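Step one of this worksheet: look at the structure below.
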Amino acid sequence: MAMYDPAFRELKDLLKSPEIADVNPDVKKKLEHIKELFARRHFYADENTSTQSESLAKLFKDTYDHPWKDVHKQGKTQYYMEPFMISGQVTIKFLQFIISMVKAKRVLEIGMFTGYTALGMAEALPSDGVLHTCDVEPYLVEFTKPYFDQSPHGKKIKVHIAPALETIPKLHDEGLQFDVVFIDADKPGYKGYVEMIMKKNMLAPNGIILADNSFFQGDSYTKEDDPTVNPMHDFNKFMASQNELERVLLPIRDGILAVKRKSEVLNH
Ligand SMILES: C[S@@+](CC[C@H](N)C(=O)[O-])C[C@H]1O[C@@H](n2cnc3c(N)ncnc32)[C@H](O)[C@@H]1O
C-alpha cells in the first residue's frame, strides 16, 4: 500500500496544494505520473502474488465492512479499532512461505485483531501445528469465532485475551518454544516482547522473529530523533544492538524486520 510510504504521501499533498497551480503543466503531469508509479508498484506486487484463500478474502472484506465505530460507541471495544490495522495478501503469503520454509509447528502471534494473519499462518501449518495468538480486546473472540470455526485450519489456533506480557510467561510455563514469532501489536511493546522471548529461551532452534511495521509509515527514518513518536525506530536500534542476532529489514508493506540467531545464519 503506497500510503505507507511518506514519499508518496508528500507527493500526493504537493499535488493537492495551492502551489501546484503555478507549476508548468508538463511538470505537473510528470508528477502525477510518478504518483501513479508508486501505486502501480504495490498493485503489481499484489497481482503477482498467489491468490489468498476464500476464507481469508472474506475475513479481509468483512473486517473493512464491520461497523467498528458503532461497536466502540456501544462500549464493546476499549478503543476504536481501525480496519486498516489488518495486513494484506502479500504479507500473508510471505508469512506462509516462512512457516513452510522453517517447517514450523509452533507459532506465536502478538496482535491478533480480526484473525487475518492468524488464520493465514494457520493455513500453512501442518495438522499437528499450533498457533498461539494474543490480543487485549475480548470482543475479538466473538468476531473471529465464526471465521476460525468455518475454516479447517481454525482448530490450530489458540486465542489468549490478555496483554502479551502476561500471555508470554504463561506459554513459557507450558514449556513452549516457537519456530516463528510474528509481532504486530502495540509498537512501544515490541522491545519487551523480544527481550522476554529471548530471555526465557522461547525461540526454538532455527526460529525466526518477524516484527511488522518496522518503517512505521516512514517515521522510523524521517523522525529519527523524536522518541515520543518513534517507538519503531527505537526498537530497530535496540535490535541492532543485539550482537547475537542477525537482521534483515524487508521492505514489504510497512517493513518487516526478520531476526534470527547469528549462529544459525552465518557459517563460521
Ligand atoms: C495491527 S493489529 C494486528 C493485525 C493482525 N496481525 C492482522 O494483520 O490481521 C494490532 C493488534 O494488537 C492488539 N494489541 C495492542 N496491545 C496489545 C498487547 N499489549 N498485547 C496483545 N495485543 C495487543 C490490538 O488490540 C490490535 O488488535
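Just follow the structure's listing: the first ligand is 1, and inside any ligand the first atom is 1. Computed from a prediction, not measured in an experiment: that's the story for all the values here.
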Using modelled atom types and a 3.5 Å cut-off, is there a donor and acceptor pairing between side-chain atoms of E19 and backbone atoms of L14?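 Side chain of E19 to backbone of L14, a donor-acceptor pair under 3.5 Å: no, none is there.
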Residues that K58 engages under salt bridge (Lys or Arg N to Asp or Glu O under 4.0 Å), provided they are two or more places apart: D62
So, using salt bridge (Lys or Arg N to Asp or Glu O under 4.0 Å) as the criterion, who are the partners of R40 when residues are at least two apart? E47
I need the contact residues for ligand 1: any residue with a non-hydrogen atom closer than 4.0 Å to the ligand, ordered by chain then number.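 Around ligand 1, where the cutoff is 4.0 Å for heavy atoms, the contacting residues are Y79, M81, M85, I86, S87, E109, G111, M112, F113, Y116, T117, C134, D135, V136, L140, P163, A164, D184, A185, D186, Y193.
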For F94, ring-ring contact (aromatic ring centres under 6.0 Å, His included) partners two or more places apart: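 Residues passing ring-ring contact (aromatic ring centres under 6.0 Å, His included) with F94: none at all.
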Check this for me, if you would: do K105 and D128 make a salt bridge, where the nitrogen-to-carboxylate-oxygen distance has to be below 4.0 angstrom?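 Looking at D128 together with K105, the answer is yes, because their closest N to O distance falls below 4.0 Å.
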Classify the ring geometry between W68 and Y139 as parallel (under 30°), tilted (30 to 60°) or perpendicular (over 60°).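 Rings of W68 and Y139: perpendicular, as their planes differ by over 60°.
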